[in-house]
Amino acid sequence: MARPAVLITRRIPASVVARLEQACEVDLYDGTGGMSRNNLHARLAGKQALMCLLTDLVDADVMDAAPGLRIVANIAVGYDNIDCAAARARGIVVTNTPDVLTEATADFTWGLILAVTRRIAEGERLLRRGDWTGWALDFMLGTELRGKQLGIVGLGRIGRAVAARAGAFGMRVAFATLDADAPRAVTDDPSWTRLGLDELLTSSDVLSLHVPLTPATRHLIDRRAILRMKRRAYIVNTSRGPVVDEDALAWALREGLLAGAALDVYEREPETHPGLAGLENVVLAPHLGSATVETRTAMADLAARNVLAVLSGAPPLTPVVA
Ligand code: DGY
């Protein structure tokens with residue numbers, strides 16, 4: 001019997017390719033940059049599985065290029081790049097990679113919080129420019145985190161892991177969930193306070209975003225939301241770029257309506273908003289939240305195990321239920 005075939009849209013660790021090769025024919029795209037749409041169509045034809053990245057748009061059209069497609073395994077926890085309804089209509093399983101990237105992303109979020117509130121990136125830029133004239137009592141003063149409120153928007157796995165680290169910095173945690181049915185049990189710590197989104201916006205000193213990108217969360221943080229925030233507050237986004245209206249953010253930072261922002265994700269990746277890149281009180285990272293060797297390997301490995309499970313007729317390990 002012919003072995004099932006899987007298309008992988010980008011280089012992944014060799015150990016993961018080897019795992020797949022035990023049971024599948026592997027077609028690995030190893031060009032630089034992403035696969036073009038035409039190439040994706042052409043190479044997906046005849047495949048039973050697709051392992052893809054958050055940068056690959058997998059819509060109905062792509063799925064129809066491979067009538068025998070059984071699984072789309074995203075190597076990411078977010079899956080807004082996949083048309084899940086179209087997959088469901090075609091009986092195609094969609095999987096993502098939750099859990100394995102939670103801790104790395106939470107660590108990185110704290111890196112951004114510290115970088116923006118303590119002006120680390122700004123200070124580094126100044127020093128590299130040769131503009132440091134020496135220690136002074138009032139030089140490049142940042143903001144203390146101790147005693148302040150960390151506002152978490154979206155208390156899923158990553159939001160909880162970010163909140164769990166707040167005690168180390170003396171911050172109290174408040175959170176808002178957008179899902180009215182979110183179980184009360186999600187609060188790992190009884191001291192975390194649940195607030196409505198508006199109240200969270202008005203009371204938080206650092207607002208950290210941890211919601212998936214959906215029609216309901218697109219531009220959740222817009223001009224109106226920002227105007228509710230304290231003028232000394234910071235916004236940190238490690239979720240998805242379009243959750244923040246970048247025009248509104250750039251405007252607010254320029255007008256001094258926020259103290260700063262730290263972003264790992266953007267509305268039009270890999271482009272960055274021109275109004276943000278020139279501001280000293282903005283930290284910009286190139287979507288590195290989960291970028292450790294250990295975590296990225298675990299993500300690829302989990303996607304591969306999902307592919308192998310589905311192709312062998314077993315249930316997927318981490319199906320997307322959308
Ligand atoms: C994801 O997995 O969705 C992240 O954005 C990349 O780690």
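The first residue of the sequence shown is numbered 1, and numbering continues consecutively from there. These numbers come from a predicted model, not from an experiment.
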Can you give me the closest heavy-atom contact between [X] and [Y], atom names plus distance?
X    : Y    : value
G154 : V211 : CA-CG1, 3.8 Å
L253 : A259 : CD2-C, 4.5 Å
Q149 : S204 : NE2-OG, 3.0 Å
G289 : D264 : N-OD2, 2.8 Å
A176 : G196 : CB-C, 4.2 Å
V310 : I71  : CG2-CD1, 3.7 Å

A side-chain contact here means heavy atoms from C-beta on lying under 4.5 Å apart; do [X] and [Y] qualify?
X    : Y    : answer
V244 : I226 : no
D83  : V58  : no
L69  : L44  : yes
L114 : L145 : yes
I221 : D245 : no
D131 : R125 : no
T9   : I75  : no
Y266 : E246 : yes

same_hphob_cluster([X], [Y]) at 4.5 Å side-chain heavy-atom cutoff:
X    : Y    : answer
V320 : L50  : yes
L263 : L220 : yes
V72  : L302 : no
V16  : L311 : yes
I12  : L288 : yes

For atom [atom1] of [X], decide whether the heavy atoms of other residues, nucleotides or ligands shown that lie under 6.0 angstrom number more than 12.
X    : atom1 : value
R90  : CZ    : yes
W132 : CH2   : no
R128 : CZ    : no

*T95 and Y79: side chain to side chain contact (heavy atoms under 4.5 Å, CB included), yes or no, with the steps?*
CA-CA 8 Å; T95 62; Y79 48 85; over 6 Å; no
Quick check against the 3.5 Å criterion: does [X] have a side-chain atom that pairs as donor or acceptor with the backbone of [Y]?
X    : Y    : result
S312 : L308 : yes
R172 : L150 : no
R240 : L213 : no
T109 : V162 : no
T202 : D198 : yes
Q48  : A5   : yes
D27  : L7   : no
D56  : L53  : yes

Distance only, no hydrogens: is a donor on one side chain within 3.5 Å (strictly under) of an acceptor on the other, for [X] and [Y]?
X    : Y    : value
N81  : N74  : yes
D189 : S191 : yes
T143 : Y234 : yes
E267 : H219 : yes

_Could you walk me through whether L57 and R37 satisfy the side chain to side chain contact (heavy atoms under 4.5 Å, CB included) test, starting with their C-alpha distance in whole Å, then the side-chain angles of each, then the deciding distance to 0.1 Å, before giving a yes or no?_
CA-CA 8 Å; L57 176 66; R37 214 167 151 74; 4.0 Å; yes
Could you check whether [X] pairs with [Y] (Lys NZ or Arg NE/NH1/NH2 to Asp/Glu carboxylate O, under 4.0 Å)?
X    : Y    : result
R129 : E280 : yes
D222 : R228 : no
D301 : R19  : yes
R223 : D247 : no

Measure the spacing between [atom1] of [X] and [atom2] of [Y] and express it to the nearest 0.5 Å.
X    : Y    : atom1 : atom2 : answer
W110 : S208 : CH2   : OG    : 8.0 Å
E25  : L20  : CD    : CG    : 11.5 Å
C24  : K47  : SG    : NZ    : 11.5 Å
L155 : F175 : CG    : CZ    : 5.0 Å
L201 : L195 : CG    : CG    : 10.0 Å
L28  : R11  : CG    : CZ    : 8.0 Å

*Considering the options V26, V307, D30, which one meets the side chain to side chain contact (heavy atoms under 4.5 Å, CB included) requirement together with I8?*
V26
*Please determine which of I152, D99, L101, L209 meets the side chain to side chain contact (heavy atoms under 4.5 Å, CB included) test together with I158.*
L101
*Start with the C-alpha gap between M63 and I82, add the side-chain angles, then the distance that decides, and say whether side chain to side chain contact (heavy atoms under 4.5 Å, CB included) holds.*
CA-CA 10 Å; M63 294 174 202; I82 301 172; 4.2 Å; yes
_L126 vs F139, side chain to side chain contact (heavy atoms under 4.5 Å, CB included): CA-CA, chis, key distance, verdict_ = CA-CA 12 Å; L126 173 139; F139 176 62; 3.8 Å; yes
*asked:* Name the residue from R165, R160, R157 that meets the salt bridge (charged side-chain N to carboxylate O under 4.0 Å, His left out) definition with E103.
replied: R165
*asked:* Under the criterion side chain to side chain donor-acceptor pair (under 3.5 Å), I'd like the reasoning laid out for T238 against T105: C-alpha separation, chi angles, the key distance, then a yes or no.
replied: CA-CA 8 Å; T238 52; T105 308; over 6 Å; no
